[in-house]
Structure formats: structure tokens, C-alpha cells
Amino acid sequence: MSDTTVMDKLVSLTKRRGYIFQSSEIYGGAGSVWDYGPLGAELKRNVKDLWWSRMVHQREDIEGLDAAILMHPKVWEASGHVEGFTDPLVECTNCHRRFRADLEGVEAGQCPVCGTKDAFTEPRNFNLMFRTFMGPVEDAGAQVYLRPETAQGIYVNFLNVQGTARQKVPFGIAQIGKAFRNEITPGNFIFRTREFEQAEMQYFVKPGTDEEWFEFWKADRMEWHRSLGIREENLRFHEHGPDELAHYAKKAFDIEYRFPFGWKEFEGIHNRTDFDLARHQEYSGKRLEYIDPGGGERFIPYVVETSLGVDRVLLVLLADAYREEEVEGEERVVLALHPRLAPVKAAVFPLVKKEGLPEMARKLQEGLRRASIPSFYDESGSIGRRYRRQDEAGTPWCVTVDGQSAEDGSVTIRDRDTLEQIRVAMDQVAPWIRERLVDSE
Ligand code: GAP
């Protein structure tokens, strides 16, 4: 299967099953922006909940934050984004399309759209921040930006959080939220978009301990991705060379995934030193030092950042889970998502639409709903077709009510991955599923 075929298949499957739709599709779509449908919204929520649980709930030393998207414009001067958050842009003088100058093909001088050679303008720096106006007057004084990273909301709240949560360095602040970048060349489905979500954590440490903490977070984040079931052979680290480092970073490692279109980053671990806090101190005129309660020593903490793209990790999870298999002479497509991530945990079927089976199946599903287990009821089509639909949607368990259920109150549970079927008492289905979800943590 070619790489483009895999991506095409993923785009079509995720649309067919209600994971991801093109934004404003009825108007022909908005440029590289995507909407998450019923299953996509659940998957995204599950990823964010697992991240939040690991980062905030399971740790004493990390606090959560939900900062606003719009910030004081000086924030972006201090952070270096007004000056330096740019990509080199060239325009083809034949077809007038614009590209990133470092794009493969463009670098060699050929326009990827019209094929004209050596017709590009000189590269100019294009700032990736979206600009808008705050209030009714649209002048330079009212200009604000849509945040291109969530991190800055954390830095400007560093002392608010530290003081109110009574945290001592080392400690972290975590947040999940939207970020916006006016990418010149977005693409590869939800890989590079103009509106996306980040799950970022800034860990404030004493200068001199930053390298140790960097290694800790690097290992911890990779371990988390493995725990989501992402295949080991598709994960690797990539260290940034001097020409790749962002303006704020002393050291950076990407966690990369082997996408159908090649190895690419989906999370970054950065040693941002005291760059951001020192700059905010300088630009705001407010002291952002931490006073060590032990010795009274004052210092600006160093920051180790973990920065995950939520949409990008979704693409990783979908691509990694996508399988085409042959089962009993028939082809099936499976999304082998980790049960904790699967949007629907159980599908409930009556084997046939008679003999009171639909009523029993509906009652069983009602029990799942009461137990807060996301489930789906389906009575249409052959049982084989219903299984296939759920395999494609990534549902780990299918529960079928059949003739025997009326006699002894048992149902079958079919496992998406092993295809094994076992019989379980109807009133034990919810605890059976709960137990497996907890065990798979
Ligand atoms: N605060 C640091 C920071 O933003 P980054 O490497 O620019 O670092 C972090 O971005 C992560 O955000 C990336 O690894 C990626 O997963 C995600 N990301 C960045 N730009 C994106 C885009 N245009 N579309 C989707 N995700 C993006």
C-alpha cells in the first residue's frame, strides 16, 4: 500500500465513521482546518483526559491552568514571536502561489504547482501569528494576536500559580488549549493545520538542575506514548541541531512518529532556560524571581517544557491503529485503538430483531449508559456487518444478545483484536468492561 493510499484511507475512514470532517465542508471547506465529529470528539477528550490525569492528577508537583487565548500584545514581543516567529516565504512569479522556501522541491527551484523553474521571488520572512483587533477601533494600538503556543499563558501566571498553590521549585504548570499559526504550507490532514490544540507543561527548576530534569521529562513522555499502545518501532527521538533550535531553546528533542509520509515530530521536549521568564521580567518591569524558602536565595527558574500537539497525536494514534486484515476469508479494516482511548467501549446487538432480543439488548445498553460506559446500539444488517462497522470505528467489545440470553441471562462478548467470544452474565457486562478499562491503564 502506498503512503498516499494509507492517508487517503484514513481520511475517508475517519469521515465515514464520524471522527473528522473538513471545517465548513458545505462551503467547500476552510483552508486546513478540521472538525471532530462524535467519535473524534470522544477520542480527543480521552487523549486529553489521560494526559491531564498523568500530568496533573497523578503528581503533587504539577498544577493545572486554563489561560486565555488573547493576551497583552507585549507578551509576544517579550517572547520573541513578533520578531522571530517567521518562516521564509517565496512566491512563484508564474502562478503566484506562495510556498515555504525550505519546502522540498521549492528549495531546488521548481514550483510544486505549475512546475515553472527558477521563477521564485527572493525569500522574505513571514510571521506566522494571526493578527486581529481588540475592541471597536482597528488601529495599530488595538492589534492583538491569537496565541501561537499555550506556553506564554503559563509564564505570565508563574507567580500567581506558585503563590496560590504554595508550590516550591521544582514544580510544573500544565495546560491544554488552542493555538493558531498561519502556516504557509499546512497539510497532511490534521498533521499541520492553522488551528490546533496543544497540551503543554512547563516545569520550573533551579538553574543547574535543568539538564537532569530534561532527561527525566524526555523519558517520561516517551513512556506515556508507549503506554497508549503506540508501536515501539514507530517511535524515536530526534535531537535538534544548532540550526533547528527555536529562539528560546538551549536543547530540544522531538518525539517523532513514522507517519505514512515519513518520520515527523509530534511532541517537543525543550530546555527553555530562563529565556521566557527573564524576558517577561524585562518587558513587564515585574520581578519574576523565585525566593527559595530554605536559604532565601533568589533566582529566575529554568524551564523544561513538554509540548504535545493534541491533533497530531490523534493522527499518530489513528495511523498506528489502522490495520487491514483477512478474517475467515473476508477482509476487515480495524482501528485497534487502546480500549482506554476508544470512543465507544461497547456495541450492543440483538442477534435478530425478534423474540424480545432488541428489548433485552436495549435494557443492557441502558445499564451501560447508567455506568457511564460509552456504548452504541445497532440492530441493522447481518451480525458480520455490524462487527465490521464496529471494528472500523475502533470499538473494543461487541456484546450480542441471542436466544440463549432469554434462557440463562448470558450474552456473548466478542473481542475486537483476538476475535474471541466469551459468555458473560448480562448484569456482569458493565463490571467486566470497567475491570478491563482499569487493568489497561
Ligand atoms: N511551546 C513550544 C512549541 O509550541 P512547537 O515545536 O512549535 O513548540 C509543539 O510545537 C507541538 O505542537 C508540535 O510537536 C506539534 O505536535 C504541535 N504543532 C505545532 N504546529 C502545529 C500545526 N501547525 N498543526 C498541528 N500541530 C502543530
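Note that ligands are numbered from 1 as they come in the structure, with each ligand's atoms numbered from 1 the same way.
Both cation-pi conditions hold for Arg312 and Phe191: the charged atom is under 6.0 angstrom from the six-membered ring centre and inside a 45 degree cone around its axis. The cationic atom of Arg436 (NZ for Lys, CZ for Arg) lies less than 6.0 Å from the six-membered ring centre of Trp432 and within 45° of the ring axis. Relative to the ring axis of Tyr257, Lys264 does not place its NZ or CZ within 45° and under 6.0 Å from the centre. Geometrically, Arg236 engages Trp263 in a cation-pi contact defined by less than 6.0 Å to the ring centre and at most 45° from the axis. Tyr248 carries Arg272 over the face of its six-membered ring, with the cationic atom under 6.0 Å from the centre and within 45° of the normal.
Counting protein heavy atoms only, atom 9 (C) of ligand 1 is closest to Ser307 OG, 3.0 Å. The protein atom (non-hydrogen) at minimum distance from atom 14 (O) of ligand 1 is Glu265 OE2, 2.6 Å. Of all protein heavy atoms, the one lying nearest to atom 24 (N) of ligand 1 is Thr193 N, 3.0 Å. Protein heavy atom closest to atom 17 (C) of ligand 1, with residue, atom name and distance, is Gly309 CA, 3.7 Å. Summary of contacts: the protein heavy atom closest to atom 15 (C) of ligand 1 is Arg312 NH1, 3.5 Å.
Only the side chain of Gln198 comes within 4.0 Å of ligand 1, judged by heavy-atom distances. Contact annotation for Glu183 and ligand 1: only side-chain heavy atoms (C-beta onward) come within less than 4.0 Å of the ligand. Counting heavy atoms closer than 4.0 Å to ligand 1, residue Tyr248 contributes side-chain atoms (C-beta onward) but none from N, CA, C or O. No part of Lys264 comes within 4.0 Å of ligand 1, judged by heavy-atom distances.
Close approach of ligand 1 to Glu149 (heavy-atom distance below 4.0 Å) involves ligand atoms 1 (N), 2 (C), 3 (C), 4 (O). If you number the atoms of ligand 1 from 1 as listed, the ones under 4.0 Å from a heavy atom of Glu267 come out as 14 (O). Every atom of ligand 1 is numbered from 1 in the order shown, and the set under 4.0 Å from a heavy atom of Phe191 is 24 (N), 25 (C), 26 (N).
Scored by the side chain to side chain donor-acceptor pair (under 3.5 Å) test, Asn271 finds Asp210 as partners (sequence neighbours excluded). The side chain to side chain contact (heavy atoms under 4.5 Å, CB included) check on Val156 picks up Met71, Val75, His280, with sequence neighbours excluded.
A tilted orientation is assigned to the rings of Phe349 and Tyr387, their planes being inclined by 30° to 60°. Classification of the Trp213-Tyr203 ring pair by plane angle, with boundaries at 30° and 60°, yields tilted.
Nearest to atom 5 (P) of ligand 1 by heavy-atom distance, out of Glu200, Arg181, Glu305, Glu256, is Arg181.
Arg272 counts as a contact of ligand 1, since one of its heavy atoms falls under 4.0 Å from the ligand. Heavy atoms of Asp311 stay at 4.0 angstrom or farther from ligand 1. Residue contact check for ligand 1: Arg194 places no non-hydrogen atom closer than 4.0 Å to it.
Of the N or O atoms in Phe266, one or more lie within a sub-3.5 Å distance of an N or O in ligand 1. Among the atoms of Phe196, none of the N or O lies under 3.5 angstrom from an N or O of ligand 1.
Defined by atom type and a distance below 3.5 Å, a donor-acceptor pair is missing between the side-chain atoms of Glu91 and Thr121.
Judged by distance alone, with hydrogens and angles left aside, the side-chain atoms of Gln110 form a donor-acceptor pair with the main-chain N or O of Gly115 at under 3.5 Å.
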